[in-house]
Amino acid sequence: MSVGFIGAGQVAYALARGFTAAGVIAAHRITASSPDTDLPTVQGLRKLGVNFTTSNKEAVSRCDVLFLAVKPHIIPFVLDEIGSDIEDRHLIVSCAAGVTISSIEKKLQQYRAAPKVMRCMTNTPVVVREGATVYATGTHAEVEDGKLLEQLMASVGYCIEVEEDQIDAVTGLSGSGPAYAFTAVDALADGGVKMGLPRRLAVRLGAQALLGAARMLLDSEQHPGQLKDNVCSPGGATIHALHVMESGGFRSLLINAVEASCVRTRELQFLADQEKISPAAIKKTTLDKVLQQPGVTFDSSAITSLPPLGQLLDFEIQ
Amino acid sequence: MDPEMDSQLKIGFIGAGNMAFGIAKGILSGNVLPVNVKVSAPSSRNLGRFQELGIAVTHSNVEVVCGSDVVFVAVKPHLVPLVLNEISQHITDRHIIVSVAAGVTLATVEELLPENTVAIRLMPNLPCMVQEGALLFARGTHAKQEDGALLRSLLHRCGLVEEGPEAWIDIHTGLSGSGVAFVYLFAEALAEGAVKMGMPSALAHSIASQTVLGAGRLLRDSGKHPAQLRSEVCTPGGTTIYGLHTLEQGGVRAATMSAVESATERARELGRKSAAGGRK
């Protein structure tokens, strides 16, 4: 079995690294493609022994399981480019936030009657084999395809099948989750530094505290509220700190964050469905390179709100 | 715990207010006979409901003390020194004096009574009146474990009875004494929310109170952590989680923690004042 990645960014790198570390597939059986060879992750992929190419078509031809690991708004262009190269054996797995299975199937059905499509939402800790992945199965994907994907993803963390309509919520929670955790640890470390600890030690201890707590929770049958109680001795330091957190609206902040991420995911889905790209969402160099690929056409109706390409500023991709 | 012992015990109440009444009712649900209970109060105003229970009434505190083994001092805090001074010379080593007065420390009580008096400080709460109280007691210097056990067995029909160090009594006051009022506030707000959404007030209040009662029953009887029960009510994307989010945004948890803190601090302050001889 061979695996291909369209896209050589964070997701492709994290999955490739996780898969190879887990030994579930050899690096030379993985191919990643991207028009942009300057990405730092391209270096990383090469170092792993993964085959790197600037040709998406080559990645398709060299694999059986094809991960679409590009930004959501690039997906339509990619599908147009590779649609005619998809064979019966291919299992297409989209990792793009907000992009529906039906939108992918619709595109591919221009080239093939029954494309096997799955959609997954994973997260970056797959790189250390502690990922959280959910997947939904498309119309023409078989049970074995689900099992295959699950086998791959379970090697790099937790993996479970869900209904597609739950995936946006998963994005908000565990897709974005690591970012919340990084922010939390950074801030906890600030607290440690303020109270006199050296920075490196503070970061280490903060991260370990989160890791340990998560491990306890995953290994326990108890509700997190109960585990919290177990840590709070009466009148002690922890309960005082928790009160401070509650006063700051800590819980509602986290609820808001998950909601915001989920809502934004749905917005992105909407944008992708329209195949309309907001100027702010495009990095000029990437779009230029994408448009240079053979087979990609620039549907002028799709980008009505853009000024001429030469005038596009260099915005960060969201 | 010892039915035979209970039925011989003579119980007295100095003070005929709500706390005394609630405790008396609870005691009578056990093995204590009404004929062995006596209550005193300066006026006859509150004595009727005791009489209806078959309890003997009097205006004489001394009479209550002399005729009782366990005496509940259930008068307003500022009256406690007066009452204790009055009855002090009638206290013997068979007596157990249980002070129910908020903010009056064991030290104060023991100071006013003969040396070696067995004294216990008890903090009940309002729902004692319907036998669903939360009661915490702390034993004084000469009160032994058996005295605590006796009190516990007398009170167990009043609700939840627990023992603790005296330091916990102020916390209990904040949590459960005042806590009852916090729950009333919450119930009122629930009802008002419903009224805002179009339900008639009387119905909204009736449902709100049953909701609080039902939730309370489930919480107590299930033995589950409230966080667990809360999770069980929240279906994904459902009404409850939306409502809870709004509550969290309102900082209800922090406010509630602070409320218990404020009430506890105030109880401590009052305790210090009364120990210093000041009035409430």
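Below, read A as the first sequence line, B as the second, and so on, with proteins coming before strands; counting in each chain starts at 1.
Atoms CD and NZ, from Gln226(A) and Lys224(B) in turn, are 13.0 Å apart once rounded to the nearest 0.5 Å. Residue Met245(A) holds its CE atom at 11.0 Å from CZ of Arg253(B), rounded to the nearest 0.5 Å. Atoms CZ and CG, on Arg251(A) and Leu244(B) in that order, are 10.0 Å from each other to the nearest 0.5 Å.
Looking only at heavy-atom pairs under 4.5 Å with chain B, the residue among Leu253(A), Val244(A), Asp229(A), Leu242(A) that has the most is Asp229(A). Note on Gln222(A), Lys228(A), His243(A): by heavy-atom pairs under 4.5 Å with chain B, the leading option is His243(A).
No more than 12 heavy atoms of other residues, nucleotides or ligands lie within 6.0 Å of CZ in Phe186(B), so this atom counts as exposed by the packing criterion. The local environment of CZ in Arg217(B) is sparse, with at most 12 non-hydrogen atoms from other residues, nucleotides or ligands closer than 6.0 Å. Atom CD of Gln10(A) has 12 or fewer neighbouring heavy atoms from other residues, nucleotides or ligands inside a 6.0 Å radius. In the displayed structure, Glu111(B) atom CD is contacted under 6.0 Å by at most 12 heavy atoms of other residues, nucleotides or ligands. Counting heavy-atom neighbours within 6.0 Å of Arg129(A) CZ, excluding the residue itself, gives a total above 12.
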Could you go through Arg230(B) and His223(A), starting from their C-alpha distance and side-chain angles, then the distance that decides it, and tell me whether this counts as side-chain contact (heavy atoms from CB on, under 4.5 Å)? CA-CA 11 Å; Arg230(B) 172 177 49 87; His223(A) 193 283; 4.1 Å; yes
Would Gln249(B) and Asn256(A) satisfy side-chain contact (heavy atoms from CB on, under 4.5 Å), going step by step from the backbone distance to the final call? CA-CA 9 Å; Gln249(B) 285 170 316; Asn256(A) 291 346; 3.0 Å; yes
Report the C-alpha separation of Ile239(A) and Met257(B) in whole Å, then their side-chain angles, then the decisive distance to 0.1 Å, and conclude whether the side-chain contact (heavy atoms from CB on, under 4.5 Å) test is met. CA-CA 10 Å; Ile239(A) 189 69; Met257(B) 288 177 78; 4.0 Å; yes
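Here the closest non-hydrogen pair linking Ala227(B) and Gly225(A) is CB-CA, 4.0 Å.
Thr246(B) does not touch chain A: none of its heavy atoms, backbone or side chain, sits under 4.5 Å away.
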